[in-house]
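Worth saying up front: this structure is predicted, and the values here are computed from it rather than measured.
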Amino acid sequence: MAMGAADVVPGVSGGTIAFISGIYQELVDTINKVDFGFFSSWKKNGFKIAWEQINGSFLLALISGIAISILTFSKVITHLLATQPILVWSYFFGLVIASIYFVGKQISNRKISTLLFFAIGTVISYYITIVEPVASPDSYFYLFLSGFIAIIAMILPGISGAFILLLMGSYAVVIGTINQFREGLLQWNTEILGQAVIKLFLFATGAILGLKLFSKVLHWMFDKQRNATLALLCGFMLGSLNKVWPWKKIISTRIDSHGKEVPFLEKSILPQNFEGDNQWIIAVVLMVIGFLTIFILEKSASKFSK
């Protein structure tokens, strides 16, 4: 559910949440296992064995949580971002800082090449946070392409899939389609529901294809170049700190899927340069709470694994 909430927020990566909760490598390995061989295994060995081979219970729990969160809890997150952005981003900032520290601890060999991968990840991620988004195209092919590219970002810690959608100009279309689907379902309006289902199907098809192809790359990287991969992912998270920095100056705005004016292009500034109440004391407290959240999760996970 936390991954689903993160994935709808431009700037927060569902992959970061997966890393934070300690399920990231299992997620990548599980996605890599899923293919059409499931059906032949089902026919040969029975459903239970085939289900266990693809780690089906893990996938079902994860997908269900993400879907429920996107349709429900994500509204709470977006509301808090609209009303208390400094406090929300402060908590996220603490989460990411702690994630960088604990993931970095897993790097066993800090060679020059490892540091190079860390620097590359940092530069790429930071550059993504400062690129200016484009206008929103509505073509079906572009929606498919958006799903293909965004899902890759969604499973990379530090790179926000929602922000990639914003950069591609598809964010308003996708969020609007999700809202359209929910409204069509609640009102049982088959016309609205049908239009939403077609768009979501194309987006999901692109996402599934991108997820499957990229998971193989990640699986190979973790298997063959674990230290370099962890360094690259740490770099992605470090570069993303520019996006989750709580104090921003709005350079330009856009109209979202609800017709409201929201920030479009922002610049990170120091708290003392923020116009209005910078809430820096509460913000620092929430950063510490965010850090401690990961610290407690990490200690709990270590204790549970013993």
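- The minimum heavy-atom distance between Phe203 and Leu143, with the atom names listed, is CD1-O, 3.6 Å.
- Here the CG atom belonging to Leu145 is positioned 5.0 Å from the CZ atom belonging to Phe141, to the nearest 0.5 angstrom.
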As a quick check of understanding, evaluate side-chain contact (heavy atoms from CB on, under 4.5 Å) for Leu230 and Phe117, giving each step before the final call. CA-CA 9 Å; Leu230 289 172; Phe117 275 101; over 6 Å; no

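- Between Ile250 and Glu266, the closest heavy-atom pair is CG1-OE2, 4.1 Å.
- Side-chain contact check for Asn45 versus Gln53: some heavy-atom pair is nearer than 4.5 Å.
- Counting heavy atoms from C-beta on, the side chains of Phe274 and Lys248 never come closer than 4.5 Å.
- Looking only at distances, a side-chain donor or acceptor of Thr30 sits under 3.5 Å from a matching main-chain atom of Glu26.
- Considering CZ of Phe38 and CH2 of Trp51, their distance stands at 6.5 Å, rounded to 0.5 Å.
- For the atom pair CG (Leu286) and CD1 (Ile86), the distance works out to 11.0 Å, reported to the nearest 0.5 Å.
- Here the side chains of Trp245 and Leu241 are not in contact, with every heavy-atom distance at 4.5 Å or above.
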Report the C-alpha distance between Ile151 and Phe214 in whole Å, list the side-chain angles of each, state the deciding distance to 0.1 Å, and finish with yes or no for side-chain contact (heavy atoms from CB on, under 4.5 Å). CA-CA 9 Å; Ile151 197 67; Phe214 192 67; over 6 Å; no

Check against side-chain contact (heavy atoms from CB on, under 4.5 Å), Phe58 and Ile23: CA-CA 10 Å; Phe58 169 83; Ile23 65 167; 4.2 Å; yes

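- Annotation: ring-ring contact (aromatic ring centres under 6.0 Å, His included) contacts of Phe144 (sequence neighbours excluded): none.
- Rounded to the nearest 0.5 angstrom, Leu213 CG and Phe148 CZ are separated by 5.0 Å.
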Is there a side-chain hydrogen bond (donor to acceptor under 3.5 Å, both in side chains) between Thr114 and Asn227 once you walk through the steps? CA-CA 7 Å; Thr114 307; Asn227 286 320; 5.8 Å; no

